[in-house]
Amino acid sequence: MAPEFKNNPNLTELEKEYASMVKMLDTDVGRIYAKLQELGIFENAILVFSGDHGHELYYHETDHTDKTHNLETGQSYDNINTKFYSPLGGDVFDGNNGMAGLKRSNWEGGVRVPLLWHWKEKIKPETISNQMVSNYDFLNTLAEIISGKAMKKKDRVSYAKTLFGRKSKKRAYTVCSSTMGPALVTKEGWKICNFLKRDVFQLYYLPNDYKEENELSTENSNKMDELKKLLFKACDSNWENGLGAKIVKP
């Protein structure tokens, strides 16, 4: 356990262990950074840091943290009118930075991930892009960096030019699956999400609604219909294809 957390009276033992794990990850990235410098290949090495899903509450303790029930009211989340937020679940680290949901959900807190690139003297440091990309764009992006050409006729879209301060082709939308059902976000920021078990579709506009609190389908029925058709097509005309991590019994 990291000494700076070990004697912190504000953290439980499980929270101390989680904080130590995150610090270890940060330290190990630094070790890789240092080793590349030691080997003399740092200038020609690309470092990419990302994740495979949004935040998860790994430090559950009865009456202290809960990812399925609101600790203030005791009510379970229905993922339609109520959903997980860090303050409601006792998540002292606010791992979602205010976003809704956890891993395996299709809320932004379950699907957004960090993405950092480093390439000395090639990628300008401390620059930020708001371009929407997906992890499945990575191989196409790397292919363009290495060969100068992006692959065509694939779902993935290269964002290589964006890394070097130019303009890349922007994907029209990004789709994800989850245990709730599929979701789709357009490049303009409209989001449709589906709770398949309840046959519920919801519409949000993320640029004005980071926390996904304002459902807009009633006043934007045409946009809802448009995105529902697009999402159904992306699921190969089968909503079941939008279910991720399904449990298959033998």
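Along the sequence shown, residues carry numbers from 1.
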statement: Taken in chain and number order and not counting sequence neighbours, the residues that satisfy salt bridge (charged side-chain N to carboxylate O under 4.0 Å, His left out) with Lys170 are none
- request: State whether the side chain of Asn241 and the backbone N or O of Cys235 hold a donor-acceptor pair below 3.5 Å, judged by distance alone.
  value: yes
- prompt: Which residue pairs pass the ring pair (Phe, Tyr, Trp, His ring centres under 6.0 Å) test when at least one of the two sits in residues 209-235, sequence neighbours left out?
  reply: Phe232-Trp239
field: Contacts of Ser129 that satisfy side-chain contact (heavy atoms from CB on, under 4.5 Å) - sequence neighbours left out
entry: Gln131, Thr162
task: Return each pair, listed once, that meets ring pair (Phe, Tyr, Trp, His ring centres under 6.0 Å) where at least one residue sits in residues 62-89; pairs must be two or more places apart or across chains.
output: none
statement: Taken in chain and number order and not counting sequence neighbours, the residues that satisfy salt bridge (charged side-chain N to carboxylate O under 4.0 Å, His left out) with Lys169 are none
- line: To the nearest 0.5 Å, atom CG of Leu216 lies from atom NZ of Lys223 at 11.5 Å
- request: Would you check if Tyr205 and Asn220 make a side-chain contact, meaning some heavy-atom pair closer than 4.5 Å?
  value: no
message: Between Arg31 and Asp28, does any NZ, NE, NH1 or NH2 come within less than 4.0 Å of an OD or OE carboxylate oxygen?
response: yes
field: Within the 6.0 Å centroid threshold, strictly below: Tyr33 and Phe42
entry: yes
message: Under 4.5 Å side-chain heavy-atom separation, chaining through any Ile, Leu, Val, Met, Phe, Trp or Tyr, what else clusters with Leu163? Say none if it is isolated.
response: Ile46, Val48, Leu115, Trp117, Trp119, Ile123, Val133, Phe138, Leu139, Leu142, Ile145, Ile146, Tyr159, Phe164
- prompt: With a distance cut-off below 6.0 Å to the six-membered ring centre and an angular limit of 45° from the axis, does Lys191 pair with Tyr204 as a cation-pi contact?
  reply: no
field: Residues Lys161 and Glu144 bridged, charged N to O under 4.0 Å
entry: yes
- prompt: Of all heavy-atom pairs between Leu57 and Gly89, which one has the smallest distance, and what is that distance?
  reply: CD2-O, 4.0 Å
